[in-house]
Visitor: 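My structure is below; once you've seen it, I'll send some questions.
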2 protein chains.
Amino acid sequence: MAEAPKSNATIRDVARAAGVSVASVSRALNGLATIRPELRRQIEDVAAQLGYVPHAGARHLSLSRSGTIGVVLPDLHGEFYSELLRGMDNEASVRGLHLMLMVMHGEAARGVTALQTMRGRVDGLVVMAPHVPAGELLAHLPAGMPVVLLNGSGAAPGRARLRLDNHAGAQALVEHLIASGRRALVHVTGPEGNVDAEERLAGARAACARAALPLRVIRGDFTQGSGARAAEQLLRDGDGVDAIFAANDMMAIGAMMRLRGDGVPVPEQVAIAGFDDIPLAQLISPSLTTASIDIADFGGSAVARLAQVIAGNDDAALEQRRPVLVVRQSTRSNSSTTTPADRADREEA
Amino acid sequence: MAEAPKSNATIRDVARAAGVSVASVSRALNGLATIRPELRRQIEDVAAQLGYVPHAGARHLSLSRSGTIGVVLPDLHGEFYSELLRGMDNEASVRGLHLMLMVMHGEAARGVTALQTMRGRVDGLVVMAPHVPAGELLAHLPAGMPVVLLNGSGAAPGRARLRLDNHAGAQALVEHLIASGRRALVHVTGPEGNVDAEERLAGARAACARAALPLRVIRGDFTQGSGARAAEQLLRDGDGVDAIFAANDMMAIGAMMRLRGDGVPVPEQVAIAGFDDIPLAQLISPSLTTASIDIADFGGSAVARLAQVIAGNDDAALEQRRPVLVVRQSTRSNSSTTTPADRADREEA
DNA sequence: TCGCTTGATGTAACCGGTTACATCGCGCAC
DNA sequence: GTGCGCGATGTAACCGGTTACATCAAGCGA
């Protein structure tokens, strides 16, 4: 067990106390250059005794490497971001990197300029900003700042980028709904201007168009509450909707709870599907059919990719991930139905 | 809109380009000292043209302030930590502070020594380490590092500290269960060595002792899975348990899903209660009775408190927060029962 | 014995800011 | 006309590390 630091000794204090030069101390403690083993041990002893801990900031300045990467997120609400962060943290921890958090709170303008203050603070950034065009983002970055873009919109030539194939995911989901007999479909969108939301909408539209079915669209904002409101609207209108595809799981869950609260059986009368596959999706009952991203893995990959960019070996390619359709109870086809709730719970338990 | 940085100009580059000294540039850009307004504007222009962005690390070194605080968490799984982090981020953002994340991943030893590397990286730490004695934590901190302890165990004289009154919360919860007619109580604990878990157990024991009722105890580990396993064990034993109090919401939810999956009506046959009041608790159906902490607010307060400590004006007192009992559907007393699931959903919708 | 190589150690410049202190120039009072 | 004070600006030290380069001593062959 290491000694408790008694003071904030500097490397020069250690050098003085050990009767050597700062260079020797630095070398001894970093195990880098050739140094007499005996001297090294002596220096280590003195350092321990003084409770010397290197000043990370100073080291950072001279190495021009901070060992820290910045994570830029639009928000922290809900399980999506916490899973993403968890995956990032895992990967960063393995690589000995620290994570600095930056949440944009929806304020695109302020958030984007805030990125500049990252110069000299982080070695690179993983940016998820679905409401900001990639071009604008990049324009505001300190020159030469390594970046990995997550799911942004617009072109970003020469930049590493990870994207979800939202279109394919949404299309597969809606095709599943249609295949299981649903005909009157509603899509609850994400917030306006959000790329992911727009692509999911497009995917849903494509699937409906191919089947020559209409698609009703209600605007949401990715919050559980907006999903519930969409459900309310449908309850008021009462025009025989038999499937709801929400652009993310939280809205799907909001809608589901609202419908069930009003006695509408899910999935018997209305099937519900989401997008993301947050942990909650399989926990809830009926469990939620969704387009599954391995969110934590996605985050981890982003960090791994950034490490590549920082190291200078990255092909700057665009990597697409295709979500996989996970069919659960919330979209069981009405033909195979028996009784309401309790039976449903059993299937995935 | 700010200019896009074209290079990584330093303050000396700006000084040279503007034909002034670095001191003037520093003064002009920080708006600190007296400087001729005209000169200031000229310097600002040059800086903008060069796309100059101050190097945070360098500034940090000379100011010996990083504007960053470290957040040390035991884990990131589940909604508890994401809510906590969200509250911290909000408060930090208001105060213009950055957040650096450190997750201990349960490895107490490695985690504790890792704290030392925070020297020169952060201005202070908010530490939540329910499995590490406060004394040991503090012993490994760089000297003079401002700290706010969240819910640790052991004494920490002279340190700012925020704690939950786990004992009172658990006691209130169990008293509620007893008051609503439950007699055969089970407590599912958190992981061994976790202070919060131990205090909640003690609170539950106290309530039972006062009512002269026995309390069966099953060990869990705060994960949803362990809650489910506890439920399984009870199902196997089949000895008429009528209430489960889990030491956190995730385990309560795990147990609830497991029981319902097996056809055991909740709350009719078995009442279930958790602890924390994560967002999911009121989302799930039946909604979960729990001891509510305003998690985000708790996190925000911790950051605010740390800011005080850093500023040097903090009384280093221990602040206790008492969770409030939130009664929801999962513990409705069996007397008022009508039909199973659907009715239950309606109450809090 | 001397010169040269080689390995260990020390000296000082540097990373990029901030700021105490020195300097400079100007206006005003004598 | 001089001296003084004062506000604006410049110089250089400093924050705490790393490391290129200089230095020095020891070892070895001629």
Side-chain angles (χ1 to χ4, degrees), chain A residues 5 7-43 46-47 50-68 116-123 142-144, chain B residues 5 7-43 46-47 50-68 116-123 142-144:
Chain A
S7 66
N8 279 333
T10 72
I11 196 174
R12 300 186 213 265
D13 295 331
V14 177
R16 199 173 313 124
V20 298
S21 73
V22 290
S24 293
V25 177
S26 180
R27 292 193 267 253
L29 266 30
N30 291 314
L32 286 182
T34 97
I35 199 171
R36 205 156 27 103
E38 180 203 321
L39 219 210
R40 151 165 308 156
R41 231 170 331 96
Q42 180 198 333
I43 292 178
V46 173
L50 261 53
Y52 170 69
V53 179
H55 188 285
R59 174 181 245 144
H60 168 189
L61 184 56
S62 55
L63 291 178
S64 42
R65 268 202 358 138
S66 64
T68 301
Q116 300 210 340
T117 71
M118 287 295 103
R119 162 156 137 89
R121 218 183 271 281
V122 301
D123 296 339
Chain B
S7 65
N8 280 333
T10 73
I11 196 173
R12 299 185 214 265
D13 295 331
V14 176
R16 197 173 313 123
V20 297
S21 73
V22 290
S24 292
V25 176
S26 179
R27 291 194 269 253
L29 265 31
N30 289 315
L32 285 183
T34 97
I35 201 173
R36 208 157 24 103
E38 181 202 321
L39 218 210
R40 153 167 306 159
R41 231 171 329 98
Q42 181 199 331
I43 292 177
V46 173
L50 261 55
Y52 169 69
V53 179
H55 187 285
R59 174 181 245 143
H60 169 188
L61 184 57
S62 55
L63 291 178
S64 43
R65 268 201 356 134
S66 64
T68 302
Q116 299 209 341
T117 71
M118 288 293 104
R119 159 155 138 92
R121 219 183 270 280
V122 301
D123 296 338

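Just so we're on the same page: letters track the sequence lines, and every chain starts at 1.
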Visitor: So, under a plain 3.5 Å distance rule, would you say the side chain of Arg12(B) forms a donor-acceptor pair with the base of dG17(C)?
Guide: yes
Visitor: Starting at OH of Tyr52(A) and ending at C1' of dG16(D), how long is that distance when rounded to a whole Å?
Guide: 7 Å
Visitor: Start with the C-alpha gap between Asn8(B) and His55(B), add the side-chain angles, then the distance that decides, and say whether side-chain contact (heavy atoms from CB on, under 4.5 Å) holds.
Guide: CA-CA 9 Å; Asn8(B) 280 333; His55(B) 187 285; over 6 Å; no
Visitor: From dG17(C), dT11(C), dT11(D), pick the nucleotide closest to the side chain of Pro54(B)?
Guide: dG17(C)
Visitor: Rounded to whole Å, please give me the gap between CD1 in Ile11(A) and P in dT11(C).
Guide: 14 Å
Visitor: Nearest of dT19(C), dG16(D), dG16(C) to any side-chain atom of His55(B)?
Guide: dG16(C)
Visitor: Would you indicate, yes or no, if dC15(D) has its OP1 or OP2 atom less than 4.0 angstrom from a side-chain nitrogen or oxygen of Ser64(B)?
Guide: no
Visitor: CG of Leu29(B) versus C1' of dG16(C): gap in Å, rounded?
Guide: 14 Å
Visitor: With respect to the phosphate group of dT9(C), does any side-chain polar atom (N or O) of Arg27(A) fall under 4.0 Å of OP1 or OP2?
Guide: no
Visitor: If we check side chain to side chain contact (heavy atoms under 4.5 Å, CB included) with Val20(B), which of these qualifies: Val46(B), Val25(B), Ile35(B)?
Guide: Val25(B)
Visitor: Once you round to the nearest 0.5 Å, how far does CD1 of Ile43(B) lie from OG of Ser26(B)?
Guide: 10.0 Å
Visitor: Below 4.0 angstrom from OP1 or OP2 of dA8(D), is there any side-chain N or O of Thr34(B)?
Guide: yes
Visitor: What's the separation between atom CD in Gln116(A) and atom OH in Tyr52(B), rounded to the nearest 0.5 Å?
Guide: 12.0 Å
Visitor: Look at Arg59(A) and dG16(D) and indicate whether a side-chain polar atom (N or O) is within less than 4.0 Å of OP1 or OP2.
Guide: no
Visitor: Considering only side-chain heavy atoms of Val22(B), which listed nucleotide, dG10(D), dT11(C), dT11(D), is closest?
Guide: dT11(D)
Visitor: Send over the distance from Arg36(B) CZ to dC6(D) C1', rounded to a whole Å.
Guide: 16 Å
Visitor: In whole angstrom, give the distance that lies between atom CZ of Arg121(A) and atom C1' of dG17(C).
Guide: 13 Å
Visitor: Measure from the side chain of Asn30(B), starting at C-beta and using heavy atoms only, and say which of dT9(D), dT18(C), dG17(C) lies closest.
Guide: dT18(C)
Visitor: Specify the separation, in whole Å, of atom CG of Leu61(B) and atom C1' of dC15(D).
Guide: 4 Å
Visitor: Here's a test of your reading of the structure: between Ser62(B) and Ser24(B), which maps to the more 5' nucleotide of DNA chain D?
Guide: Ser24(B)
Visitor: Could you check how far CG of Leu63(A) sits from P of dC14(C), rounded to whole Å?
Guide: 17 Å
Visitor: To the closest 0.5 Å, what do you measure between OG1 (Thr68(A)) and CE (Met118(A))?
Guide: 10.0 Å
Visitor: Think Ser26(B) has a side-chain N or O under 4.0 angstrom from the OP1 or OP2 of dT18(C)?
Guide: yes
Visitor: Taking atom C1' of dG16(D) as reference, at what distance in whole Å does atom CZ of Arg65(B) sit?
Guide: 18 Å
